[in-house]
Structures are given as C-alpha cells and as structure tokens.
There are 2 protein chains.
Amino acid sequence: MSTEQILLDLALMFVIAKAAGGLFERVRAPAVIGELLAGVLIGPHLFGLVGHSEAHAVFQELGAIVLLFAVGLDTPLSDLRAVGRLSLGVGLAGIAIPMLLGVGLMALIGRSGEEALFVGTALVATSVGITARVLADLDKIRAPESRVILGAAIIDDIIGLLVLAAVVGLTAEEISIGSLLSVALLAVTFVVLTGGLGPRLVARATPVLDRLGELSVFTIALGICLVLSAIAGALDLAAIIGAFLAGMAFAETRDRYHLEERLASVYSFLVPFFFVITGTLVDLSVFMRSETLLLAAAVIVLAVIGKLGGCGLAAASLGKKSAFIVGIGMVPRGEVGIIVASIGLTQGILDSDLYGVIVAMSVVTTLIVPPVLAVLLRRPPTPAERKKRSEEIEGVGG
Amino acid sequence: MSTEQILLDLALMFVIAKAAGGLFERVRAPAVIGELLAGVLIGPHLFGLVGHSEAHAVFQELGAIVLLFAVGLDTPLSDLRAVGRLSLGVGLAGIAIPMLLGVGLMALIGRSGEEALFVGTALVATSVGITARVLADLDKIRAPESRVILGAAIIDDIIGLLVLAAVVGLTAEEISIGSLLSVALLAVTFVVLTGGLGPRLVARATPVLDRLGELSVFTIALGICLVLSAIAGALDLAAIIGAFLAGMAFAETRDRYHLEERLASVYSFLVPFFFVITGTLVDLSVFMRSETLLLAAAVIVLAVIGKLGGCGLAAASLGKKSAFIVGIGMVPRGEVGIIVASIGLTQGILDSDLYGVIVAMSVVTTLIVPPVLAVLLRRPPTPAERKKRSEEIEGVGG
C-alpha cells in the first residue's frame, strides 16, 4: 500500500471515528463504542472504505500503547497499597471466576487450550476507564462502593495484565512445563521489577526532572513508555504491559509535571486508531451463523455472571444492594477485552469467529453497565439536599 | 517486518533522536540536526540498528505533516498582508535566484529536467523555524531586519510550497504543456481556495467552536490537517501542503484555543520521526566519490550565494550591514530542503547521490547561519545599557 493510500485511510478513520465517538457521547454512550462501530462500518468486511496493512497494525498497536500508558498514569502504587483487603478479595474473585467460566465453556465446546486461555483472559480484566467515567459522571466517585470498585479494578488490571503476559508468552511457543515456568517467571520478573523499581526511580529522579521543562519530562516519559513497550514485545509479552508499567512509574509525579494534560492531545490523536482499526477487523458475517451467535450470547452471559457473582459475593459484607452495585461496576470489559482479542487475532490463535465473539462481549458488557449503574446509584435528592443545592445556586447568583 | 520489530525501531529511533537533539541544543546547535545525524548513524547504511518499511515511511510523512501544520499555525494571513513590499521583494528574489542557480547547475552537468527542478526547489525555501528560533534566542525578533526576514520567509514558504506542489505534480506524470498547465492550475486552485477560504471559515465557526472544549477544537484542527494532507497527496501535490494550509486556517484562532500548547506534545512525539527516518535514508558512502563531494560543495555554495545575493540585493535599501543580515538570515534551508529531498527520493526522481547532496546542503546551510547571525547581531552593550541592566538585577535582588 502506498504512503498516500495509508494517509488517506488514516485521515478517513480518524474523522469518522471521532464523529461517531462524539455522536455516542451526545447520547451518553461511551465514545469508544462509537469509534469501534465506525471501524466495523468502514472496514474491509463491510463498506471497504479502508484497508489493512503493516502500517495499520502499527497504528493500532500505538493507540493501545498510549491508552495503557494513560491507564498506568492513573494507577499510583500508593493507592494500590491503600486499597483494603475487601478490594483485593473482590479483585481476585473477579479474576478467578470469569477465567474458570471462560476456559470451562471453551473446553465444553471442544476448543483448543490456547483458544480457551485467550477467551478466559478476555473475560478477566474490567475496564477501569468505563466504570470510573460513569461513577464520575454520576458524581459518585467517593461513595464506598466506588472506592471498592476502583481499588478492585486496579488489582484486577494488574493481575489481568500478568495473566495476559503469561498467556501471550505461553502461546508464542510450545506449551510444556518448562516453558510455562520460564514464561511465568519472565512475566512476573518483568512486571515486578519494572512495576516495583519504576516509581522509585522516577521519585529519585525528581530533582533532575524538576530542572527540565514539563515538555521534556513528558517526552522522557513517552520515550520510556515506547522502550518498555518494545522490550515487553520483544520478550513475547504484550507490548501494552510495558506501556502500563511506564505509566505507573510516572503516576506519583503525574500532577507535578501535568503529564495527563500533556498526554491528552496525543491520546486524542492516537487512541482512536486502536478502536477504529480493531473495528475494521471485525467480520459481522460470522454472526450470520447461528452457532457463533449462540456462542456470543453464552460468552456474554458468562461475562456478566462471572463478575456479578464473583465480585458481588466477595463484597457481600457491604450489604445486598452495595454488593450488587460493586458486581455490576466490575462487568464492563471495554478496551481491555478488545485488546486481548486483537492480540489473539494477530498471533493467529483466535479465528475471526472467536475474535468477533470477544469484541461483541466487550461491546455489550460496556454498553449495558452505564444505564444500570445510573439507575442503581441515582436516587432522588432528599428535601434537605434540595434546599442546600438551591441555596448554593442562589449564592453563586448573588 | 513484524509489528514488534517496527515498534522496536520506533522506540530506538525516538530515544536516540531525542538524546542527540538534546545534546545539540546544549551546545546551541539546532536540535533537528542532531535528530538527523542520529538517523544517519543508526540507519541501514551505517550501523543498521533500524530498518525501513512501509510503516517507517508513514511515520516519516506524519512527522512532516505535524511539522508543517505547526509552521502553518505560525503564519496568520493578516501578518502576511501586513508584510511590506520590501519583504515581498526579498522573498521573490530569494526564490528566483536560487531556483535559477540550482536548475542551471544541474543542466550544466547534464542531469534530467526533473532532477534539476527538484534541486532548484530544494534551494528555494528558507526554513522559517531555524531563523526565527535564532532571532528569538538573541532577543532580536523585533529588530527591523528580523521583521523583513520573517515576512520574506513566510512569502518564500508559501511560494516555495506552491513551486513544490507544481514540481511534484509535474514529475508525477509526463511533462507536456497541457499537464504543466493543469497541474499548475490544480496546485494554485487548491492553495488559493484552501488558503483563502480556510481562515475565513474558521473565523465564521468560532461561535460554534467556542462552545466545544479546547481539546475538541484541537482534535477538529488535527482532523482537518489529516484530511487536507490526504487530499493534497491524492491530488499528486505534496501532503505537507495540505497540512500547512490547515495550520494557516487556524492561525488566527491559535491563541484563542491554545492550539500551540496542545500541539506541543504531539509535535514532540511525532516530528522527530521525520528527521531521524530521513537521516536513516542518507547513504554517507555517496560522498566517498569525489564528484559527489564536489557537487555537494557546489550546491552549498550556490545555496548561500543565491539567498545572500538575491535577498541581500533586494534589501539593499536598508543599508549594507542590514542587507547582509537579511541575506544571511534567509540562508538556512533546514527541514524544508530535507522535505523536498525526501519527496524526490520517494518518487524515485532523486538518486541516493542527489538525495545526499540536498540533505548535506540543508544541514550545512542550517549549521552555519546561527553562529554568523549571532556575531552580526550581537554587539557589546553600551555603558548606559550596562548600567540599566545592573540596576535591574539589583532591583530584583532587593
């Protein structure tokens, strides 16, 4: 494909993805869903307005890297330490049960061990972004359920990435006890070493960083993100794990150097490419076969039951309604499920059927949660609150 | 090339380019030269640490697009109107004479008409960025010579891009009177229409844009930049012309939406790829042949004489020294010459010899100007100034 053709594709994908994302935001649906659906529409399987090439794959990967870098920036180690035992329990239950359900279903229908591992992994990781965004929109970010959800989502993210690293590493070579051990060891070593040392090294470096401009610090952080991503990729782990760890290393100094504001424009430019290109790879025709449609329905049901059951039970001490809220809050898989699906497709482990099933699962779990959570969390204001709010408004007016 | 391999290349190129750029800035040389030389070093022709692929070419192009978008943002139409006749004369003389000298030299040594056109075009456009940066560093941006230089550089940029558009369009097909006319017409129509209407449309849209967030306006501007670049590329003009015009359309509203600050991080991330990848394409061994070395020397001499003579003479009314300063200020070709060279190489018109010669010309003219300009503009402070400055310092201390 010529550079001009690729440039035309990039321009088209960017504009249509942004327009669709904006449209979805207007009706209070997550923008990522709009970007994804835009890709499905203009991709080679449907209208064929854009193609796919090596360069498309790189932009898709780079979008995922910037996305996970941003998620890492939002995950300071200190917050992780402050998260109580409850979040740990909720997080672990939310990993184990969906994983077991996913692997079990795949085994039941006679899929290979590699496929089962990928589907299980896709069911594991909650999308912190979607849930946090909904909680923030409802002004409930400081509610007790929200803190449990966010803490658990962070744990869930890190362990989920660890599982992904192990699965990607494992499926990249023949599975044997030796390779299983060495890959797990490699993944754990990389994550623990980088995750543990990174934030400390950055903290140590602040006197030096303080003397540089904010843009320089941002550039250094971005460089480290690229390098760790490339290393993770070269180690046969997923590149995004490096990006996440790089973000985590700078999470404590995020506000000091306004890294999030600097990242915002890069994010706005590159992340849509991940979703729209991922969308272009979805072949809707797989759902014409009733068995695939059935499989998708089964996976979606397990995805909901897995988190609702696992996390809800683990949070039972909060009371029935709060436990239910926590369970629902952990359901959306969003970009994380899609990332797992795209890695599985690229590695040739998932066929287009299973790829479509996972993407559908991610889209559906992400779409159903915001309205349900809104109903559960939104209650009519008490008369006292109503009075206070009207006083505040008058105070501003006068 | 696999996605992992390309990611590794991108990470390596980014880190080495940024390090080299930073090093050059420390010794007060332009960072772009460091980034370019880093590419020469790690490229396939020398140490072979990175390769070249379709994706590399896209990142190179995207870097140039972001760069020219930034230059466009710095070129408000109103400034262009305010620039006096003197700048117009200086700009036109600075285009005609280097073009004639370049084409003449190529004709003299028996090169083809297409090669001659490309070398001439590479000699035309002054790099506004380098000169403006030096003038700002010396705190001379408001000196009369500086205003003439900057005004002329803007005119020179626009006409230079128009010449490039015509040359690229021309060389993309068989040269005939008909194609010459149609390409010139197409280029002029695109530039005049987009350049003329763009700023007005953006000005009209401000009430709508004001209601969006700053990030949204930035994203829209970036989307328009991508689309105009893709259109320019599809029209067989250079993609960067679209990027420049998109920037120019938003130049008047630049400060209103803090577009430059938003762009800074995207610029810092993507623009280095243009220079470092351009560097990787330079084959230093071409200079082992004495004829290529001789040719490079000749082109460099003509590049200096062309601007110094053309612009200096056109600015003669300012007095000898000021005219000399204006002439010197117009000498650096910087990124513009390199962009022309990379387009010529990609289109298969320039061989690696001529490509190397043009890159060498851009590097040398860019490197020699800052120190010369510094000596010409920097004069010892008068006793009165010295007294005032020491008072100011005391004032701050007390």
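All chains are named by letter (A, B, ...) in the order of the sequence lines, taking the proteins before the strands, and each is independently numbered beginning at 1. For clarity, every value in this text was computed on a predicted model and none was experimentally measured.
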Query - Contacting moiety of B/L62, where chain A heavy atoms sit under 4.5 Å - result: side chain
At a 3.5 Å cut-off, give me the donor-acceptor pairs between chain B and chain A, one pair per line with the distance.
unit_1 : atom_1 : unit_2 : atom_2 : d
B/S53  : OG     : A/E54  : OE2    : 3.0
B/E54  : OE2    : A/S53  : OG     : 3.0
B/E54  : OE2    : A/A55  : N      : 3.3
B/A55  : N      : A/E54  : OE2    : 3.4
B/T219 : OG1    : A/S268 : OG     : 2.7
B/R262 : O      : A/S265 : OG     : 2.7
B/S265 : OG     : A/R262 : O      : 2.7
B/S265 : OG     : A/S265 : OG     : 2.9
B/S268 : OG     : A/T219 : OG1    : 2.7

Report summary line: Cut-off 4.5 Å, heavy atoms of chain A, and the answer for B/L8 is both
Query raised in the report: Which region of A/V58, side chain (C-beta onward) or backbone (N, CA, C, O), has a non-hydrogen atom less than 4.5 Å from a non-hydrogen atom of chain B, or is it both or neither?
Result: both
Query raised in the report: Between B/I224 and chain A, which part of the residue has a heavy atom less than 4.5 Å away: side chain, backbone, both or neither?
Result: neither
Query raised in the report: Quick one: CD1 on A/I65 to CG on B/L7, what's the gap to the nearest 0.5 Å?
Result: 4.5 Å
Report task. Pick one of side chain, backbone, both or neither for A/I220, based on which atoms fall under 4.5 Å of a heavy atom in chain B. Result -> neither
Query - Value rounded to 0.5 Å, distance of CZ in B/F269 from CG in A/L226 - result: 4.5 Å
Requested in this report: Pick one of side chain, backbone, both or neither for B/V15, based on which atoms fall under 4.5 Å of a heavy atom in chain A.
Outcome: side chain
Report summary line: Heavy atoms of B/L222 and A/F14 approach each other most closely as C-CE2, 4.3 Å
Query raised in the report: chain A heavy atoms under 4.5 Å from B/L12: which part of the residue, side chain, backbone, both or neither?
Result: neither
